[in-house]
Amino acid sequence: AAVDACTKDGARNFIFIKNGTYNEQVTIPATSVITILGESRDGVVITRAKSHKEVDDEKVTTTMYVEGMDFYGENFTVVNSAGPDAGQAEALTNRGDRMTLKNVAIKANQDGLRFDDSSRSYLYKCYVEGTVDYIFDSGIAFLDSCEIKQVNRAGYIVAPGNHFAS
């Protein structure tokens with residue numbers, strides 16, 4: 001509801017989220033410039049359990065789907081809790097450009113953090129965890145002073161796309 005109330009005139013909109021667990025999908029539309037500030041990284045949890053086994057559409061399965069330009073997020077956790085056997089289940093997808101995250105935790109299993117081929121992203125002091133291929137696709141991403149954690153089993157961490165291969 002807060003995202004839906006944001007202006008679409010190019011001005012930056014600020015959303016402050018109090019500590020709590022929010023079971024929902026958040027979509028940052030291409031028509032708005034949005035900043036989401038959480039009260040604390042571990043206290044604000046946006047979660048959802050949806051995988052590509054249910055529907056093969058990243059826009060539907062992703063917990064936080066960013067289409068907007070210049071999205072800024074700080075101090076929250078985003079989770080796709082579909083489970084290790086659910087297959088592809090994104091916690092966060094960036095389809096926009098110039099996304100910046102600071103002190104954000106991203107937790108999923110397979111394919112949890114997606115950087116679409118047209119995106120550029122900067123993550124600072126973030127935490128990313130998963131089981132296999134949990135940082136993926138063809139976008140440009142710089143993870144600065146971030147912690148990356150492999151959980152539950154051995155597997156590949158990064159699965160780069162090849163959209164730019166010639």
Side-chain angles (χ1 to χ4, degrees), residues 3 17 20-30 36 38 40-68 71-166:
V3 170
I17 303 176
T21 299
Y22 303 89
N23 191 352
E24 62 184 283
Q25 181 184 41
V26 175
T27 299
I28 306 300
I36 293 180
S40 68
R41 187 183 82 180
D42 297 328
V44 175
V45 179
I46 302 165
T47 185
R48 189 159 187 244
K50 198 73 130 168
S51 79
H52 285 253
K53 284 186 177 180
E54 297 171 66
V55 59
D56 193 21
D57 183 349
E58 71 195 46
K59 195 168 183 176
V60 175
T61 59
T62 302
T63 304
M64 180 173 278
Y65 192 81
V66 177
E67 293 178 303
F71 172 71
Y72 179 84
E74 185 174 342
N75 292 335
F76 59 85
T77 296
V78 61
V79 179
N80 190 319
S81 58
D85 298 319
Q88 187 173 355
E90 299 93 337
L92 191 144
T93 294
N94 183 21
R95 268 193 89 103
D97 193 23
R98 298 184 308 260
M99 175 181 78
T100 301
L101 300 177
K102 181 179 177 184
N103 196 38
V104 171
I106 301 141
K107 300 178 180 183
N109 288 284
Q110 181 180 341
D111 297 343
L113 177 56
R114 180 178 210 154
F115 299 108
D116 190 67
D117 61 350
S118 61
S119 70
R120 293 175 293 171
S121 306
Y122 176 72
L123 285 71
Y124 179 68
K125 293 190 176 179
C126 291
Y127 173 85
V128 181
E129 77 172 32
T131 56
V132 64
D133 298 345
Y134 52 95
I135 300 172
F136 79 107
D137 215 343
S138 297
I140 297 168
F142 185 73
L143 283 68
D144 182 3
S145 304
C146 295
E147 180 180 352
I148 299 170
K149 184 176 181 184
Q150 181 78 24
V151 294
N152 296 333
R153 56 179 149 182
Y156 294 103
I157 294 171
V158 177
N162 62 357
H163 295 172
F164 299 110
S166 54

Nearest-0.5 Å distance that lies between atom OG1 in Thr47 and atom NZ in Lys107 | 10.0 Å
Side chains of Glu58 and His52: do they bring a donor and an acceptor to under 3.5 Å?
-> no
Tyr134 and Asn109: side chain donor to acceptor below 3.5 Å = no
Spatial distance of atom CD (Gln88) from atom CG (Asn80) [nearest 0.5 Å] = 10.0 Å
Which distance, rounded to the nearest 0.5 Å, do you find between the CD of Glu90 and the NZ of Lys59?
-> 13.5 Å
Interatomic distance, NZ@Lys149 vs OG1@Thr131, rounded to 0.5 Å, equals 13.0 Å
Without swapping roles, check the side chain of Thr62 against the backbone of Met64 for a donor-acceptor pair under 3.5 Å.
-> no
Distance only, no hydrogens: is a donor on one side chain within 3.5 Å (strictly under) of an acceptor on the other, for Asn94 and Ser121?
-> yes
With distance as the sole criterion, is a donor-acceptor pair present between the side chains of Glu129 and Tyr127 under 3.5 Å?
-> yes
Starting at CG of Leu113, measure out to CD1 of Ile106 and round the result to the nearest 0.5 Å.
-> 5.0 Å
Any chance the side chains of Glu67 and Thr27 put a donor and an acceptor closer than 3.5 Å?
-> no
Under a 4.5 Å cut-off applied to non-hydrogen side-chain atoms, are Phe71 and Ile36 in contact?
-> yes
Roughly how far, to the nearest 0.5 Å, is the CG atom of Asp116 from the OH atom of Tyr65?
-> 6.5 Å
Does Lys125 reach the main-chain N or O of Val104 with its side chain, forming a donor-acceptor pair under 3.5 Å?
-> no
Residue Tyr124 excluded, over 12 heavy atoms near OH under 6.0 Å | no
